[in-house]
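Data block below; observations after.
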Amino acid sequence: STYFKDNFGQLLNPKMPFRLQMVEKIFSFDGIFLSPIVLRYEYSGGEYFYKNAMERKFAGFAKITEKNALDYATKTYFHQGNGSDVAAGEGDPTNPQFGDAVPRMGKLFAIEKYDEKNNLYSKTFQRWNHSSLGNDRDFVRLEQTVGIDYDGNNTKKARAEKYSYDLNNGNLIQQISMGEVQVSYDVLKQGSITNDLGTDKFTVDISYTKDATKKISLPASEITKDQNLNKVSETQIFYDNLPLFSATKGNVTKQSSWIS
């Protein structure tokens, strides 16, 4: 990790208190072309988290860059629990919902893709949230994904998805595909949704089996609704030859689908 330097010869990981062996290149052969496919990697912003003698660990790298033989680059950014990457779209450090936090350490929050001329052509934001489970435990969850496509002419289009969970057991209970949206490009609010566009939103509600004794929780019903809340499809999954929402072992014995 101490090997990596920028174009000016400065270390990319000056805060790392130890060395790590990192993958710099990956060679692969597809059996068709004689020359290998080469992917190159660069790691930067490595940090070590220290709260006290009992709570300390490697916080990961702030950014990992992958380049192919044509110099197309993918830059991936990660939370480190220190709120240091606001410019990359980490979120407002004063906003507990979408900013950085120690429980989100290591979670991917942004992906940027560039062409060989260093033109940005896509960016994806992932917004995480967390809630305490007590005893120094947290439920960390992905709540929103926003993807932005650039066409090289200063115009762009964004799409988004939102996710809701049962905070008692972590089950995903709703997924909203919002389709095209407007988003903020303000530094502190990059990727925040400001408006839903069009009528291309779909909502999937997911229900699970209920078995309090064995605590089996399996997806049993998925209902998809359109922008106007009209049902467009429904799937029901039955387990162990039992009625809907019941299960003992979790073996699927029947599945039915309704399509409008």
Does [X], at its [atom1] atom, have more than 12 non-hydrogen atoms belonging to other residues, nucleotides or ligands within less than 6.0 Å?
X	atom1	value
K157	NZ	no
N52	CG	yes
D136	CG	no
R19	CZ	no
K156	NZ	yes
Q21	CD	no

Any side-chain heavy-atom pair of [X] and [Y] under 4.5 Å:
X	Y	value
M105	F78	no
K107	L142	no
F29	I37	no
F125	T145	no
I206	V204	yes
R40	K25	yes
V252	Y239	yes
S257	E234	no

[X] to [Y] - nearest heavy-atom pair and separation:
X	Y	result
V146	A160	CG2-CB, 3.9 Å
N13	G45	OD1-N, 3.2 Å
E180	D196	O-OD1, 3.3 Å
G46	K15	O-CB, 3.8 Å
N241	T253	N-OG1, 2.9 Å
G81	D100	N-OD2, 2.9 Å

TODO: Decide side chain to side chain donor-acceptor pair (under 3.5 Å) for E47 and N82; before the verdict, give the C-alpha distance in whole Å, the side-chain angles of both, and the deciding distance to 0.1 Å.
DONE: CA-CA 9 Å; E47 289 204 13; N82 54 16; 3.0 Å; yes
TODO: Could you label the plane-to-plane angle of the Y77 and F109 rings as parallel, tilted or perpendicular, counting under 30° as parallel and over 60° as perpendicular?
DONE: tilted
- [ ] Report the relative orientation of the aromatic rings in Y165 and Y163; use parallel for angles under 30°, tilted for 30 to 60°, perpendicular for over 60°.
- [x]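 Plane angle between 30° and 60°, so tilted.
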Task: Worked check of side chain to side chain contact (heavy atoms under 4.5 Å, CB included) between S221 and F245 - done: CA-CA 8 Å; S221 172; F245 300 117; 4.1 Å; yes
Side-chain donor-acceptor pair present, [X], [Y], cut-off under 3.5 Å:
X	Y	value
N171	S217	yes
T194	S184	no
E24	Y41	no

Assess whether a salt bridge exists between [X] and [Y], defined as any Lys/Arg side-chain N lying under 4.0 Å from an Asp/Glu carboxylate O.
X	Y	result
D149	R159	yes
K123	E112	yes
R141	D166	no

Joint hydrophobic cluster, [X] plus [Y], side-chain heavy atoms closer than 4.5 Å:
X	Y	answer
I26	I64	yes
Y208	L167	yes
V232	W258	no
W128	I173	yes

TODO: List the steps and the verdict of side chain to side chain contact (heavy atoms under 4.5 Å, CB included) for E143 and K162.
DONE: CA-CA 6 Å; E143 289 195 342; K162 290 185 175 182; over 6 Å; no
TODO: Indicate yes or no for a side-chain donor-acceptor contact from R104 to the backbone of A101 under 3.5 Å, with no hydrogens or angles considered.
DONE: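 Not at all, since once roles are kept as given, no pair shorter than 3.5 Å links the two residues.
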TODO: Given side chain to side chain contact (heavy atoms under 4.5 Å, CB included), test E222 with T224 step by step and report yes or no.
DONE: CA-CA 7 Å; E222 293 188 7; T224 302; 5.7 Å; no
Task: Worked verdict on K254 versus D240 for salt bridge (charged side-chain N to carboxylate O under 4.0 Å, His left out) - done: CA-CA 9 Å; K254 180 182 176 183; D240 309 313; over 6 Å; no
Task: Lys/Arg cation over aromatic Y114: K75, 6.0 Å, 45° cone - done: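 Geometry flag: set, cation within 6.0 Å and 45°.
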Open item on the list: Please evaluate residues F58 and Y48 with respect to the criterion ring-ring contact (aromatic ring centres under 6.0 Å, His included), reporting the C-alpha separation (whole Å), side-chain torsions for both, the decisive distance (0.1 Å), and the verdict.
Closed with: CA-CA 4 Å; F58 177 47; Y48 189 78; 7.7 Å; no
TODO: Decide ring-ring contact (aromatic ring centres under 6.0 Å, His included) for Y150 and Y121; before the verdict, give the C-alpha distance in whole Å, the side-chain angles of both, and the deciding distance to 0.1 Å.
DONE: CA-CA 5 Å; Y150 301 80; Y121 65 87; 9.1 Å; no
